[in-house]
Amino acid sequence: MNKDVEKILFSQEQICERIKELGAQITKDYAGKKLVLLGVLKGCYVFLADLARNIDLDVEIQFLTASSYGFSSVSSGKVNVNEAIDFEIKGRDIMLIEDILDTGVTLTALRAMVLKQKPASLKTCTLLDKPERREMQFTADYTGFVCPNEFVIGYGLDFGERYRNLPYVGSLKKEIYE
Ligand code: PRP
């Protein structure tokens, strides 16, 4: 285990199992359809790679970059979308993919942005959900795990751009982020 990790919250094996279940559910729910997985960078990159390989559908992968935390551990409450969407959304089935749903600010803003372009459908999928932290009411359509209100890192999640490569989700030791 990484020396800065306090505790492993979701192991590599648990995540792998849960993603298989999510992939099977999505495959069933979208049977016969084409699905656009729209990943919210950077945190989603590991989850999306694994989830996509567990979905047995005609899938298109797209990304956008959104950021609200920067190098701080506190949400700024403002979402920066760094690139304009440069692919067709109108009339297509879109699923936003996130590593974590926290205050709900990011997904609320992105959902509104995507809906403006009139998709056939829009759903959201997050690996982790921290309901205790919610500031804007938001429920994801697909959730991997409900997560305790701790500083989580690994499996795509960072602190100051570090730890994204850990193969599990863990809590970060207080002395590292305080
Ligand atoms: C994280 C995460 C979500 C967002 C969720 O992104 O990836 O996009 O915060 O938080 P919210 O529900 O409070 O809006 P972050 O800004 O840390 O950027 P990153 O994905 O590049 O790490």
Side-chain angles (χ1 to χ4, degrees), residues 2 4-6 8-10 12 14-15 18-19 22 26 36-52 61-87 89 94-117 119 122-174 176-178:
N2 184 289
D4 298 343
V5 171
E6 181 70 41
I8 294 179
L9 298 172
F10 305 106
Q12 194 169 2
Q14 281 175 297
I15 295 171
R18 185 68 189 117
I19 290 178
L22 285 174
I26 291 168
V36 180
L37 299 179
L38 176 51
V40 184
L41 291 171
K42 300 178 188 169
C44 77
Y45 82 102
V46 183
F47 177 45
L48 190 144
D50 284 345
L51 180 67
I61 312 279
Q62 297 286 355
F63 291 100
L64 56 80
T65 307
S67 174
S68 61
Y69 287 63
F71 278 83
S72 149
S73 60
V74 182
S75 172
S76 63
K78 200 175 142 251
V79 179
N80 299 312
V81 178
N82 300 340
E83 291 146 46
I85 292 175
D86 62 351
F87 61 94
I89 284 187
I94 311 285
M95 186 178 292
L96 279 162
I97 310 291
E98 269 285 23
D99 52 333
I100 188 163
L101 170 56
D102 194 1
T103 64
V105 169
T106 304
L107 276 179
T108 299
L110 294 180
R111 183 164 63 181
M113 195 179 95
V114 172
L115 284 176
K116 271 190 198 155
Q117 298 194 34
L122 174 61
K123 287 196 176 181
T124 52
C125 176
T126 185
L127 176 67
L128 303 176
D129 182 5
K130 259 192 197 174
E132 281 176 61
R133 293 252 313 159
R134 204 75 90 250
E135 289 169 17
M136 300 181 102
Q137 204 276 325
F138 196 101
T139 306
D141 297 290
Y142 300 91
T143 297
F145 302 97
V146 174
C147 178
N149 190 10
E150 293 176 35
F151 199 110
V152 284
I153 49 160
Y155 203 78
L157 291 119
D158 75 313
F159 173 59
E161 299 302 333
R162 299 173 64 202
Y163 313 111
R164 293 195 199 270
N165 60 319
L166 300 181
Y168 49 81
V169 172
S171 55
L172 187 62
K173 284 183 179 163
K174 267 208 173 91
I176 308 293
Y177 64 86
E178 277 185 352

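Each ligand, and each atom within it, is numbered from 1 in the order the structure gives. In what follows, residues are counted from 1 in the order of the sequence shown.
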Query raised in the report: Going by the order shown, which atoms of ligand 1 are within less than 4.0 Å of some heavy atom of Glu98?
Result: 2 (C), 3 (C), 7 (O), 8 (O)
Report summary line: Honestly, for Leu157 the part within reach of ligand 1 (heavy atoms, under 4.0 Å) is neither
Query raised in the report: Given side chains that start at C-beta, do those of Arg134 and Asp129 come closer than 4.5 Å, heavy atoms only?
Result: yes
Requested in this report: Return yes if a side-chain donor-acceptor contact under 3.5 Å exists between Tyr163 and Asp4, otherwise no.
Outcome: yes
Report summary line: If we number the atoms of ligand 1 from 1 as shown, the ones under 4.0 Å from a heavy atom of Thr103 are 11 (P), 12 (O), 13 (O), 14 (O)
Query raised in the report: Does Arg164 have a non-hydrogen atom less than 4.0 Å from ligand 1?
Result: yes
Query raised in the report: Do Ile15 and Phe47 have side chains that get closer than 4.5 Å, going by heavy atoms?
Result: no
Query raised in the report: Is any side-chain N of the basic residue among Lys42 and Asp99 closer than 4.0 Å to the acidic one's carboxylate O?
Result: no
Requested in this report: Return yes or no for this condition: an N or O of Gly43 is under 3.5 Å from an N or O of ligand 1.
Outcome: yes
Query - Nearest neighbour of atom 14 (O) of ligand 1 from the list Thr106, Thr108, Leu127, on a heavy-atom basis - result: Thr106
Query raised in the report: Can you tell me if Arg164 uses its side chain to pair, donor with acceptor, with the backbone of Tyr155 under 3.5 Å?
Result: no
Requested in this report: Evaluate the side-chain proximity of Phe138 to Thr124: yes if any heavy-atom separation is below 4.5 Å, no if none is.
Outcome: yes
Report task. Check ligand 1 against Val105 and write out every atom of the ligand that is under 4.0 Å from a heavy-atom position of the residue. Result -> 12 (O), 14 (O)
Query - From Val36, Leu37, Thr106, Leu122, residue fulfilling side chain to side chain contact (heavy atoms under 4.5 Å, CB included) relative to Leu96 - result: Leu122
Query raised in the report: Any N or O of Gly104 that comes nearer than 3.5 Å to an N or O of ligand 1?
Result: yes
Requested in this report: Heavy-atom contacts with Asp158 under 4.0 Å: which atoms of ligand 1 show up? List them by number with element.
Outcome: 22 (O)
